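Written below as structure tokens is the structure these notes are about.
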Amino acid sequence: MLTFTQQMARNWGNVRGGNADMTGMAGAPPLISARGISKSFGGVEVLRNVDLDLTPGEVHALLGENGAGKSTFAKILAGVHRPTRGTISLSGKLVDILSPIGAQRFGITLIHQEPISFPDLSVAENLVIGRAGGKPLGRVRWAELAQDARRLMSLLDVPIDVTLPMRGLSIADQQMVEIARALASDSRLIIMDEPTAALTPKEVETLFGIVRRLRDEGRTIVFISHRLEEVRAICDRVTVFRDGEKIDTAATETLSDADIIRRMIGRPLNDYLHRGTSHVGAVALAVRNLSLPGRFEDISFEVRKGEIVGLGGLVGAGRTDVARAIFGVAPAASGDILVDGNRVVISQPTDAIALGIAFVPEDRAVAGIFRSLSVESNITAAVLGKIARGGVVRRTAERALARQSVERLRIRLASLRQPIGELSGGNQQKAILARWLLADPQILILDEPTRGIDIGVKAEFYDMIGDLAADGRAILLISSELPELLALSDRVLVMSEGRLTADIPRAAASQEAIMHAAVPRASRAGLGA
Amino acid sequence: MMRPIRRILQAREAGIIVMLVIFSLAVGAIAPRFLTAETLGIVLLAVPLIMVAAMGEMMVLVARHVDLSIGSILGFSAIAAGMIFRDHPELPLVVGCGVAMLLGGALGAFNGLIVTVFRLPSIIVTLGTLSLYRGLLFILSGARQIDPNDIPEPLIRMAQTSPIGIPWVVIIAFAVALATWLFLTHSQIGRQIYAIGSNPVAAPLRGIRVVPVTILVFTLSGALAGLAGIIYAARFGYVNPGITGVGFEFTVIAAVVIGGVSVNGGVGTVLGTVMGVLFLGAVQVALPILGVSGFWQNAIYGGIILIALIIDRTVRQGGLHGLLARGGA
């Protein structure tokens with residue numbers, strides 16, 4: 001700690017140490033002054049005339065739907081993109097941020113949503129590689145390197161072995177390494193792009209602790225997030241972007257969630273209204289004593305027709321493994337699966353599909369889409385049997401089917417022939433859902449269906465999922481977002497460390513009840529339950 | 001033992017050593033004369049050519065590229081050096097050697113330029129230059145062979161002896177390996193090569209100048225192929241435009257991949273590559289001793305490459321697409 005403070009004192013002799021002076025200071029001269037920033041990609045303007053001041057010692061949220069321009073703005077500050085128009089001043093002096101390395105020299109570091117690192121290099125090397133001022137043929141002094149790296153990591157109080165390769169680190173630890181890297185280059189402005197997307201609540205707390213400390217040292221943190229409760233927990237001021245323009249900047253406490261959302265989407269939103277249905281039918285899917293050693297144990301539950309069953313828990317609790325077992329991707333070692341009351345054997349996904357089960361996986365980029373294929377081919381990929389005659393796909397049938405889906409799910413696109421990779425995340429996700437709906441599944445397993453998509457589109461998804469259940473489908477919904485679970489589920493199952501720890505009916509479900517069942521047993525005792 | 005990756009690498013290298021030992025014992029069981037110091041000498045003499053070029057190819061693979069043109073670069077450089085020796089016998093040996101390496105470096109740099117400037121996959125670019133350089137070498141030489149009596153006597157002797165008894169070419173090969181090791185593990189550029197191969201998207205965002213480093217890697221690969229051209233002339237005593245270096249890239253890539261260098265970039269050590277080269281050298285020497293027809297040699301190399309790739313794939317779940325989808329810049 002002492003070295004940390006000393007280091008700060010050396011870098012900013014004029015910055016006082018007190019926390020109260022540092023936060024949300026309206027009178028302080030801005031660290032960054034952006035004026036009239038615009039950016040066009042290929043004639044499309046994605047950022048229009050943005051003015052923004054960032055003061056030293058504040059945590060500043062950038063909010064907005066995907067495509068609103070907040071990430072583009074952040075990337076301009078970090079030298080990844082250059083503005084088409086506009087100026088940036090750093091501590092009152094006009095600067096040209098030409099490249100990421102240039103930004104680093106100015107003390108600006110961008111921490112990407114998925115930490116970009118070199119998986120084959122050690123943590124220590126990841127901390128220093130590309131550091132400004134290195135001589136190309138300069139020697140790498142391994143001992144000093146490791147020592148430096150250890151010192152940096154100890155500043156963060158995170159126990160990470162710096163000689164380990166990045167490959168083995170959790171996302172949270174990788175982010176810690178990124179933050180340490182920002183400290184290594186004495187960054188005054190650290191931009192975090194959705195840093196909490198893949199973190200557990202406990203890891204989020206650790207991260208926030210560090211963010212607060214960095215703020216108290218007089219650094220500026222820009223925090224990009226979709227999660228309002230996090231913004232509220234950590235940010236002094238918020239700036240809302242919409243359609244490439246800055247809509248508003250205000251102190252966080254002066255805006256309600258509803259205010260923020262209204263600014264983001266330009267209309268009020270009944271986002272988290274409950275959509276569960278009342279007319280629940282016979283049991284469609286039941287699992288009995290399902291176990292897969294090392295993943296999950298003794299899992300039993302039922303999902304009825306017309307019912308949405310939420311499956312909550314921390315990342316790594318085994319929820320996805322259960323879903324993958326039911327779908328036959330990685331079948332369970334023991335236990336039974338019953339569909340419509342009959343015992344079934346599912347040893348591979350085709351078995352599950354034949355039984356009318358659909359599984360929309362968590363990571364669409366890896367497991368969901370055929371990136372370079374057209375939207376229409378993506379939508380019809382699972383039902384080629386329906387549109388082919390004698391093994392030849394009939395293009396007109398394919399097109400008609402795809403068009404129906406696009407209209408039904410309100411997928412926004414330029415053309416059905418557009419590669420799906422060009423669509424926004426939310427629309428990609430809709431297309432994947434459309435693909436599964438074409439197969440007319442009676443049992444639908446959704447794994448984090450709204451991860452990384454806009455709040456506005458989320459509401460559409462919630463409506464859609466509600467409609468699917470109302471049509472009599474059984475839905476198992478895996479989600480790490482508690483408001484989402486509460487909004488959709490008729491019942492919430494909770495998993496912790498591979499076991500089912502709670503089955504909470506809608507009436508009794510609350511964020512507290514879910515979290516309580518989700519935290520591992522050792523720490524649950526500590527909560528005084 | 002806190003370093004799993006390093007441990008895997010060591011295990012990989014250990015794996016190659018074990019393979020080498022088992023192979024030698026197996027061959028020795030059939031043909032006892034394989035396990036003699038004399039055979040070791042033959043193996044050591046067989047490897048410098050591959051070793052020198054393998055160091056360059058290894059760097060290219062670590063940077064997540066591939067260089068298929070090294071055989072043609074070898075041939076081109078050897079012909080050019082041979083023509084200098086033939087037409088200007090009065091010039092010192094080092095001039096010819098220098099020209100060979102410079103030319104090799106220039107051809108390699110051209111590969112690197114095309115790959116980076118036009119963002120083309122290196123597997124296609126170097127497939128093109130493989131043919132281009134071979135064609136140019138026919139034009140340059142007028143399809144004429146460099147004959148044994150055109151090759152200076154001192155050069156031939158380098159392949160046979162030196163003041164300390166070990167032939168010069170063997171010393172040069174191991175010196176090149178040592179220099180490569182120093183460069184890759186102890187210079188900043190060396191580490192940047194690993195970084196580029198490990199994550200080409202992240203590298204520029206981290207301020208690594210991917211284009212010049214990539215061009216440098218191809219240049220070094222070309223220059224080392226040029227040096228291999230000189231070693232070829234020294235060892236075989238002739239250079240033939242239609243034979244010299246043909247198919248050489250497969251031998252070298254086989255050695256590098258056997259040595260545990262990943263085709264997905266970012267992974268590979270000089271020690272592993274040296275072991276891979278020695279293993280391939282041992283195979284090369286063992287085949288005639290076992291009475292295996294030379295016709296089998298290519299098939300056996302091919303089989304070994306496949307086995308090495310499967311091991312690579314299994315050890316690292318990276319995917320085989322690496323070699324096929326060698327990215328551009």
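The figures that follow rest on heavy atoms only: side chains count, while hydrogens, waters and symmetry mates do not. These numbers were taken from a predicted model, which means no experiment stands behind them. Proteins get letters first, then strands, A, B, ... in listed order; numbering begins at 1 in each.
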Task: Crowding at CD, A/Gln147 (>12 non-hydrogen neighbours, <6.0 Å) - done: no
TODO: Please check if the side chain of A/Trp142 supplies one atom and the backbone of B/His186 the other of a donor-acceptor pair under 3.5 Å.
DONE: no
- [ ] Assess whether side chain to side chain contact (heavy atoms under 4.5 Å, CB included) is satisfied between A/Ile101 and B/Arg209, documenting all intermediate values.
- [x] CA-CA 10 Å; A/Ile101 199 78; B/Arg209 305 202 309 151; over 6 Å; no
Open item on the list: Check B/Arg206 with A/Glu125, please: is the shortest side-chain N to carboxylate O separation under 4.0 Å?
Closed with: no
Open item on the list: Heavy-atom pairs under 4.5 Å with chain B - which of A/Gly102, A/Ser117, A/Gly168 has more of them than the others?
Closed with: A/Ser117
- [ ] For the residue pair A/Ile129 and B/Gln188, establish whether any side-chain heavy-atom pair is separated by less than 4.5 Å.
- [x] no
- [ ] For A/Asp120 and B/Ser198, indicate whether the former's side chain and the latter's backbone hold a donor-acceptor pair under 3.5 Å.
- [x] no
Task: Inter-residue atom distance A/Met166.CE - B/Asn199.CG, 0.5 Å rounding - done: 10.0 Å
